[in-house]
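Just below is one structure, and these are the notes that go with it.
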Amino acid sequence: MTSSTFSDRLLAWYDQHGRKDLPWQQNASAYHIWLSEVMLQQTQVATVIPYYQRFIEKFPHIDALADAQVDDVLSLWSGLGYYARGRNLHKAAIQMQQQHNSQVPEDFQSLLRLPGIGRSTAGAIMALAFHQRFPILDGNVKRVLARYDAINIWPGEKHVETAMWQRVEELLPSTRIANYIQAQMDLGATLCTRSRPDCQRCPLITDCQAYASGDPTLFPVRKTKKQQPVRQTNWYIYIHQDNHILLEQRPQSGIWGGLWSFPEAAAQVADNILPVKNAVFQSSMPEIKHVFSHFKLTIHPHIFTADPINIVAENNQHIWVKIDKALTLGLPAPVKQLIEFLSSTERML
DNA sequence: AAAGCGGGGTT
DNA sequence: AACCCAGCTTT
């Protein structure tokens, strides 16, 4: 049996459940559609609506916008974010006034030359305003497509995005292009949402590969989160004859606030700024890697023996403490790990 | 606290 | 071409 096509099912769903009452869908001119599409970049419908309404009231047509001061445009944009969109909108209106007879140009290449209009926004205007067969590839469409095809690479990858543009192109219907483009946006915005897609109501459930795989929210796959920064630190483990070690209390705020740790230096430092004078270097231990939420720390522990004559006086920040007693203090995990190791190998030192 | 988002600007 | 950025929302 042949099931109906992707676009047929989407259009049938749109007829029943699509959004048809949005402000820019009433008496829609190309100007209204352009304005709404720019406002909808990076911004949700519910946020856009009041801004859109104030905007068209003050600037009901392209000439009103082109003749305005940019500051007046921006004041109506205030709170929407991405203010370059407002500046570009104003610039584009002037360009339309001067070069396109105060109209939104009706061809794709001219649209692309206007500031603030890229490939997806140009496609939306061509389809929604001029009923020409152009695809869009915004965040909603990317999500729907990544699920429909179970694309297992992050869509930000150049080759994936190129393939997706090709895919949205081939899925286009030959009729009802404006409804279809609106349907794609509506499906992504209202049903195929990021975290809680309502697959049971989805017209694409029968051949959605992500649904078939069991968990559609695994798509689109996330950007591999960028490598957390790695910081290096040196820890100085001073031991004196009676198996005492020198610990230092960390500042109350910040990493491991208030816990006891070894004297520390971010890089190799001269002996004379270490807290113990004339200590004798014994050995360096293997590095320890510790992972925090926002960075990785590589710890280089170095063991010194210290003559009690040369030890610094105890104070609020520094204590000499017997190794076994140290284990009863508040210690960061890697400090505890190191001290436990020292405790087990005391005799060898 | 972090990810997502279309287009523009920079390297 | 490949990166970074903008500002607000959602998770």
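A, B, ... follow the sequence lines: proteins, then strands. Residue 1 opens every chain.
Other members of the hydrophobic cluster containing Ile205(A), listed by chain and number, are Tyr211(A); membership follows side-chain contacts under 4.5 Å among ILVMFWY residues, whether direct or relayed.
A cation-pi contact, defined as under 6.0 Å to the ring centre and within 45° of the axis, is absent between Arg222(A) and Trp154(A). Relative to the ring axis of Tyr51(A), Arg54(A) places its NZ or CZ within 45° and under 6.0 Å from the centre.
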Any N/O pairs under 3.5 Å between the protein and nucleotides 8-11 of chain B? List them or say none.
{"from": "dG8(B)", "atom 1": "OP1", "to": "Gly116(A)", "atom 2": "N", "distance (Å)": "2.3"}
{"from": "dG8(B)", "atom 1": "OP1", "to": "Ile117(A)", "atom 2": "N", "distance (Å)": "3.4"}

Within the sub-3.5 Å range, which N or O atoms of nucleotides 3-5 of chain C have a protein N or O partner, and how far apart are they?
none

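A parallel orientation is assigned to the rings of His244(A) and His240(A), their planes being inclined by less than 30° (bins at 30° and 60°).
The pair Lys20(A)-Asp186(A) does not meet the salt-bridge criterion, since no charged nitrogen lies less than 4.0 angstrom from a carboxylate oxygen. A salt bridge does not link Arg167(A) with Glu169(A): every distance from a Lys NZ or Arg NE/NH1/NH2 to an Asp or Glu carboxylate oxygen is 4.0 Å or more.
The salt bridge (Lys or Arg N to Asp or Glu O under 4.0 Å) analysis of residues 154-166 of chain A, with sequence neighbours excluded, yields the pairs Lys142(A)-Glu161(A). Listed by first then second residue, pairs satisfying ring-ring contact (aromatic ring centres under 6.0 Å, His included) with a partner in residues 92-121 of chain A read Phe108(A)-Phe134(A), not counting sequence neighbours.
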How does protein contact run along nucleotides 6-11 of chain C, one letter per nucleotide 5' to 3', with B for base contact, S for sugar-phosphate only, - for none, heavy atoms under 4.0 Å? BBSSSS
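With a 4.5 Å cut-off on side-chain heavy atoms, His302(A) and Phe304(A) count as touching.
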